[in-house]
Amino acid sequence: MSSARRLPALRSLAVMSALGTSVLMLTACTNADTTRSSVAEAAQTGSPSATATTSPSGSPSGSPSGSASLTQDQTERKNLVSATKVTWDKAADTAVKEVPDTKLVDLELKRTEADATASPSGSPSPSMPNPAPSQGAPEWEAKVAESDGTVHRVDIDAVSGKVFRVQADPDQDADDKSQMADWLGKAKQTPQQAVKAATGEVKGTVTHVELGDNDNQQAVWSVDVVSTDNWNKTTVGVDAANGKVLTQDVDND
């Protein structure tokens, strides 16, 4: 590098010192202007110049964000349960009265499907005593069984409590009927007793009751209970013979 293009060391330091002084003076002036501006704005709004910062949602930073967001399943449970006016036990009573000499073996709270008034292909036309609810409205789909295992489906409007569809299960064969009759014979506990045992363990709203069996060939009542605190669902297995709680499975999705 040519020496003609270099500043002497002392001159370089002097230039840097002068530049530094200028920067400091400029910064001081800028800070002073900013401080005066902040004080003026605070005076206009009547709020102190040092206020709590806010989060993007508009709430003060560091404050609780409220309840945690619900999952899709939890939201659906909340919406379905909140829209339902008929409790499970009232729906159960309605179902067994609709088909004489039967017992409840399944009852589920669900959304009414678009083809609620249609008859499944190849099956006898269902009885339609009342109009079906609109698509997506809550309904109780019940199944009641005769002593020989013959199952009948009864659909109940979960808002009005009116039956809108009654039909014998078109898909049952001889083995299905035999299996259902066997479960009925083993089930010494009523659905009401099973629900009492389940809700004694888990508090909430009953959305499904079903008679079946487990891996040990025990007849079991499966009871779904939805907590209205967090909208989780707990499935409680109750021995249909003696009413003892066998299992609890929590679905917190």
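Side chains included, hydrogens not; waters and symmetry mates left out as well; all remaining heavy atoms used.
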Do [X] and [Y] come within less than 4.5 Å of each other through their side chains, counting heavy atoms only?
{"X": "E146", "Y": "D101", "value": "no"}
{"X": "V163", "Y": "T94", "value": "yes"}
{"X": "V151", "Y": "R153", "value": "no"}

Show the nearest heavy-atom pair for residues [X] and [Y], with the distance to one decimal.
{"X": "P191", "Y": "V209", "answer": "CB-CG1, 4.3 Å"}
{"X": "P138", "Y": "A83", "answer": "CG-O, 3.8 Å"}
{"X": "A240", "Y": "L211", "answer": "CB-CD1, 4.1 Å"}
{"X": "F164", "Y": "N130", "answer": "CB-O, 3.3 Å"}
{"X": "D176", "Y": "D173", "answer": "N-OD1, 2.8 Å"}
{"X": "D115", "Y": "R165", "answer": "O-NH1, 4.0 Å"}

Report the distance from atom [atom1] of [X] to atom [atom2] of [Y], rounding to the nearest 0.5 Å.
{"X": "K97", "Y": "T102", "atom1": "NZ", "atom2": "OG1", "value": "12.0 Å"}
{"X": "S134", "Y": "D157", "atom1": "OG", "atom2": "CG", "value": "8.5 Å"}
{"X": "W221", "Y": "T190", "atom1": "CH2", "atom2": "OG1", "value": "8.0 Å"}
{"X": "R111", "Y": "E76", "atom1": "CZ", "atom2": "CD", "value": "4.5 Å"}
{"X": "M180", "Y": "D148", "atom1": "CE", "atom2": "CG", "value": "11.0 Å"}
{"X": "E139", "Y": "E113", "atom1": "CD", "atom2": "CD", "value": "7.5 Å"}

Say whether [X] and [Y] are linked into one hydrophobic cluster, either directly or through other cluster members, by side-chain heavy-atom distances under 4.5 angstrom.
{"X": "L107", "Y": "V220", "value": "no"}
{"X": "L184", "Y": "V238", "value": "yes"}
{"X": "V96", "Y": "I156", "value": "yes"}
{"X": "L70", "Y": "V226", "value": "yes"}

Donor-acceptor under 3.5 Å (W183 side chain, V105 main chain):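 No, W183 side chain to V105 backbone: no donor-acceptor pair under 3.5 Å.
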Are the side chain of S222 and the backbone of E210 linked by a donor-acceptor contact shorter than 3.5 Å?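 The answer is no, because no donor-acceptor pair under 3.5 Å joins these two groups.
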Could you walk me through whether Q135 and T112 pass side-chain contact (heavy atoms from CB on, under 4.5 Å), step by step? CA-CA 5 Å; Q135 180 181 355; T112 302; 5.8 Å; no
Yes or no on side-chain contact (heavy atoms from CB on, under 4.5 Å) for K233 and D249, after CA distance, side-chain angles and deciding distance? CA-CA 8 Å; K233 178 183 71 176; D249 183 19; over 6 Å; no
Test R77 against every option in D229, D224, D251 by the salt bridge (charged side-chain N to carboxylate O under 4.0 Å, His left out) rule and name the one that passes.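 That would be D251; it is the only one of D229, D224, D251 passing the salt bridge (charged side-chain N to carboxylate O under 4.0 Å, His left out) with R77.
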Would you kindly say whether Q218 and D239 are connected by a side-chain donor-acceptor distance under 3.5 Å?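 Side chains of Q218 and D239: pair found under 3.5 Å.
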Say whether Q74 and N232, considering side chains only, have a donor N or O and an acceptor N or O under 3.5 Å apart.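 Judged by distance alone, the side chains do pair up.
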Considering only distance and modelled atom types, tabulate donor-acceptor pairs under 3.5 Å from the side chains of residues 197-207, sequence neighbours left out.
{"from": "T199", "atom 1": "OG1", "to": "V195", "atom 2": "O", "distance (Å)": "2.8"}
{"from": "T199", "atom 1": "OG1", "to": "K196", "atom 2": "O", "distance (Å)": "3.4"}
{"from": "E201", "atom 1": "OE1", "to": "Q248", "atom 2": "NE2", "distance (Å)": "3.4"}
{"from": "K203", "atom 1": "NZ", "to": "T199", "atom 2": "O", "distance (Å)": "3.3"}

Give a yes or no on this: more than 12 heavy atoms of other residues, nucleotides or ligands lie within 6.0 Å of atom NZ of K186.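 Counting neighbours around NZ of K186, more than 12 heavy atoms of other residues, nucleotides or ligands fall under 6.0 Å, so yes.
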Stepwise, does the side chain to side chain donor-acceptor pair (under 3.5 Å) test hold for T87 with D89? CA-CA 6 Å; T87 57; D89 52 334; 2.5 Å; yes
